[in-house]
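From a predicted model like this one, the values you see are computed outputs, not experimental measurements.
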Amino acid sequence: MIIVIGSVTARPDSFEELRQASLDHVHRSRTEAGCISHSVQVDCEDPMRLFFFERWSDMAALKEHFGQPGSTAFIAAARRLAAASENISIYEASPAG
């Protein structure tokens with residue numbers, strides 16, 4: 001399983017648009033082959049920061065996801081609307097139990 005985490009911090013004037021774009025991206029991504037889960041949350045310590053957590057069946061599914069036109073459009077929108085963003089972190093994992 002592949003785990004992806006990342007975040008983006010909105011500007012006050014762009015938060016709602018970025019939040020909606022993030023939700024649209026999450027909902028679309030959940031329909032893709034290999035997506036186990038995909039979510040976005042508002043950070044309790046910084047309400048302008050949106051945190052993403054994703055689980056994918058394998059790296060091939062994640063690469064396919066990154067190549068989708070919707071993913072490319074979301075990344076462009078996030079760059080336009082963000083005050084700051086972190087690098088995406090990608091991990092390979094397996095269940096412990």
Side-chain angles (χ1 to χ4, degrees):
M1 173 177 37
I2 305 299
I3 296 173
V4 180
I5 60 171
S7 69
V8 61
T9 302
R11 302 182 312 270
D13 67 310
S14 68
F15 179 80
E16 278 305 317
E17 188 176 354
L18 183 55
R19 185 189 68 79
Q20 188 59 56
S22 298
L23 283 172
D24 292 346
H25 174 66
V26 164
H27 293 158
R28 181 192 49 74
S29 298
R30 288 177 183 166
T31 68
E32 294 178 28
C35 181
I36 299 168
S37 68
H38 200 297
S39 64
V40 62
Q41 297 83 31
V42 176
D43 186 325
C44 291
E45 294 182 310
D46 180 353
M48 290 289 115
R49 183 175 177 250
L50 298 169
F51 176 80
F52 295 87
F53 182 81
E54 309 171 27
R55 293 183 304 146
W56 294 87
S57 60
D58 54 38
M59 188 57 76
L62 179 61
K63 287 180 180 180
E64 180 71 22
H65 166 68
F66 285 146
Q68 295 293 318
S71 292
T72 304
F74 170 70
I75 291 167
R79 286 183 177 147
R80 179 176 53 82
L81 298 168
S85 64
E86 291 181 2
N87 287 333
I88 293 172
S89 297
I90 301 172
Y91 303 92
E92 189 169 0
S94 59

Reported CZ-to-CG distance for the pair R11 and L81, which is rounded to 0.5 angstrom: 6.0 Å
Pairs meeting criterion salt bridge (charged side-chain N to carboxylate O under 4.0 Å, His left out) with involvement of residues 60-73, two or more places apart: none
Flag, side chain of S29 to backbone of H25, donor-acceptor distance under 3.5 Å: yes
For residues 88-96, tabulate all N or O donor-acceptor pairs below 3.5 Å that involve a side-chain atom, not counting sequence neighbours.
none

Distance-minimising heavy-atom pair for S85 and V8: CB-CG2, 4.0 Å
Sequence-distant partners of D46, side chain to side chain contact (heavy atoms under 4.5 Å, CB included), two or more places apart: T9, D43, M48, R49
Worked verdict on F74 versus F52 for ring pair (Phe, Tyr, Trp, His ring centres under 6.0 Å): CA-CA 13 Å; F74 170 70; F52 295 87; 5.8 Å; yes
Sequence-distant partners of A60, side chain to side chain contact (heavy atoms under 4.5 Å, CB included), two or more places apart: D58
R55: partners by side chain to side chain contact (heavy atoms under 4.5 Å, CB included), with sequence neighbours left out: M1, I3, I36, S37, F53
Minimal non-hydrogen separation, A61 against G34, with atom names: CB-CA, 3.8 Å
Side chain to side chain contact (heavy atoms under 4.5 Å, CB included) involving R30 - partner list, sequence neighbours excluded: V26, H27, H38, S39
Min side-chain heavy-atom separation F51-V40 under 4.5 Å: no
Minimum heavy-atom distance between H65 and E54, given as atom pair plus value: NE2-OE1, 4.0 Å
Side chain S22, main chain L18, donor-acceptor under 3.5 Å: yes
Euclidean distance, L23 CG relative to R19 CZ, rounded to 0.5 Å: 5.5 Å
Within 6.0 Å of CG in N87, more than 12 heavy atoms from elsewhere: no
